[in-house]
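Worksheet: one structure, shown below.
Just the heavy atoms: all of them, side chains too, but no hydrogens, waters or symmetry mates, feed the values below. Note that the coordinates shown come from a computational prediction; the quantities given were computed from them, not determined experimentally. Chain naming here is simple, since letters A, B, ... match the order of the sequence lines and numbering starts at 1 in each.
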Protein chains: 2
Amino acid sequence: MGAVMVSQQGAEAGIATEETEVSYGLLPKVLGYHLRRTQVAIFKHFAHSVAAAEDITPGLFGMLQVIAANPGLGQSRLAEAMEVDRSSIVKVVNQLTERGLIVRVPSLSDRRSYCLRLTPEGRMALRRMEQAILRHEEEFTKALSAEEKTTLVALLKRLYDQNP
Amino acid sequence: MGAVMVSQQGAEAGIATEETEVSYGLLPKVLGYHLRRTQVAIFKHFAHSVAAAEDITPGLFGMLQVIAANPGLGQSRLAEAMEVDRSSIVKVVNQLTERGLIVRVPSLSDRRSYCLRLTPEGRMALRRMEQAILRHEEEFTKALSAEEKTTLVALLKRLYDQNP
DNA sequence: CAGGATTGTTTACCGGGTAAACAATCATGT
DNA sequence: ACATGATTGTTTACCCGGTAAACAATCCTG
């Protein structure tokens with residue numbers, strides 16, 4: 001058993017082409033590798049649980065969340081809060097307004113800028129999304145104890161806080 | 001101090017538009033949020049330290065790593081090891097061959113498929129990249145003790161192992 | 001006022017990923 | 001022996017999220 005050769009003379013053009021597991025080299029020693037895999041996994045889980053029901057993405061939810069927490073926020077402020085280019089915000093705000101979740105209120109004190117706010121439907125939708133997302137995370141992290149979750153978050157936070 | 005209003009009548013079209021910090025709502029309670037921020041941070045750090053010197057991306061390095069660890073691997077096998085579509089592999093393998101790091105050796109036992117292997121230059125380049133990446137990770141995680149790094153990796157691994 | 005900064009927007013672009021089709025080749029059942 | 005079906009690499013067209021550069025309108029400040 002193990003290392004079952006697939007070609008006749010056992011050497012394809014060298015060594016590999018087995019039926020056995022593929023090796024990942026030093027990848028398992030690389031933190032970035034585990035971060036990426038975790039993020040891919042949580043994204044898929046999100047798509048299967050949250051997105052199927054609420055038609056939202058992690059990014060859009062984030063935007064909604066900070067708009068909700070900062071009523072009247074301007075797009076440039078939102079952009080820097082999200083650490084993204086101003087031009088990226090435009091599409092997002094368009095999507096969200098087209099779906100009736102937020103609204104662009106012209107600023108009274110600055111005729112260049114808009115104040116973003118949730119619509120009543122936006123508030124309702126956001127509440128539903130929050131429930132769905134909390135359930136999704138609960139499910140995704142069900143292998144971890146409460147303490148483990150908090151230490152995980154704490155470790156991550158220390159990493160990105162110390163690397164601005 | 002604090003909550004310095006920027007507009008004359010203190011109410012833009014509601015409440016916000018302060019000079020104060022923007023709130024992130026429940027985002028800090030969401031694991032996915034911290035994961036994403038960490039990954040953005042490590043990616044930037046990678047770009048500034050590794051990519052500047054070696055002209056590589058995390059994705060390309062991963063490919064090189066598993067090709068090196070599985071000499072003679074076929075593209076389809078590589079695709080499933082990387083959990084990515086076969087068609088995505090083509091561009092990557094093209095880039096890597098154009099740069100002289102790997103080579104497509106026609107399989108002897110299956111005229112449809114190629115066996116991927118590193119060139120001598122590929123091996124040298126990979127060794128340099130490994131050094132650069134290990135330094136980069138060392139630097140990025142310098143705020144964590146050795147134990148904390150291993151528990152972090154262990155927690156992440158448990159998450160994506162339990163969520164296939 | 002003039003000059004410079006800021007705001008939202010458009011356009012063009014890039015990177016990485018998918019989905020669908022395709023020709024060449026293999027594998028298998030009858 | 002041969003038809004059928006699966007597999008391999010590839011191309012093409014697409015989508016998504018993001019950047020960079022330019023732009024008109026507006027603000028701010030000397």
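The CD atom of A:Gln95 sits 13 Å away from the P atom of D:dC15 (whole-angstrom rounding). Straight-line distance from the CG atom of A:Asp110 to the P atom of C:dG8: 8 Å, rounded to whole Å.
Taken residue by residue, residues 44-65 of chain A places no heavy atom nearer than 4.0 Å to DNA chain C.
Listed nucleotides: D:dT10, C:dG8, D:dT8. Nearest to the side chain of B:Ser113: D:dT8. Side-chain proximity of A:Ser76 to D:dT8, C:dG8, D:dC27: nearest is C:dG8.
Between the side chain of B:Arg158 and the backbone N or O of A:Ala143 there is at least one donor-acceptor pair closer than 3.5 Å.
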Output one line per pair: protein atom, nucleotide atom from nucleotides 19-21 of chain D, and distance, for all N/O pairs under 3.5 Å.
| residue | atom | partner | partner atom | Å |
| --- | --- | --- | --- | --- |
| D:dT19 | OP2 | A:Asp85 | N | 2.9 |
| D:dT19 | OP2 | A:Ser88 | OG | 3.1 |
| D:dA20 | N6 | A:Ser87 | OG | 3.4 |

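Using a 4.5 Å heavy-atom threshold, the side chains of A:Ile133 and A:Phe46 count as touching.
Take the nearest nucleotide of DNA chain C for A:Arg104 and for A:Arg112: the residue whose nucleotide is more 5' is A:Arg112.
Residues A:Asn94 and A:Arg104 bring a donor and an acceptor atom of their side chains to less than 3.5 Å of each other.
Each end of the helix from C:dC1-D:dG30 to C:dC14-D:dG17 gets its own rotation axis from five pairs of C1' atoms, and the angle between them is 10° to the nearest 10 degrees.
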Can you list the steps and then say if B:His34 with A:Tyr160 is a side-chain contact (heavy atoms from CB on, under 4.5 Å)? CA-CA 9 Å; B:His34 299 283; A:Tyr160 66 71; 2.8 Å; yes
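Sorted by first and then second residue, the pairs that involve residues 27-40 of chain B and meet salt bridge (charged side-chain N to carboxylate O under 4.0 Å, His left out), not counting sequence neighbours, are A:Glu83-B:Arg37. Screening residues 51-62 of chain B for side chain to side chain donor-acceptor pair (under 3.5 Å) gives B:Glu54-B:Arg128 as the qualifying pairs, with residues at least two apart or on separate chains.
Other members of the cluster containing B:Leu35 are A:Leu31, A:Leu35, A:Ile42, A:Phe140, A:Leu144, A:Leu152, A:Val153, A:Leu155, A:Leu156, A:Leu159, B:Leu31, B:Ile42, B:Phe140, B:Leu144, B:Leu152, B:Val153, B:Leu155, B:Leu156, B:Leu159, with ILVMFWY side chains joined at under 4.5 Å, either directly or via other members.
From A:Cys115, atom SG reaches atom CZ of A:Arg77 across 10.5 Å, with rounding to the nearest 0.5 Å.
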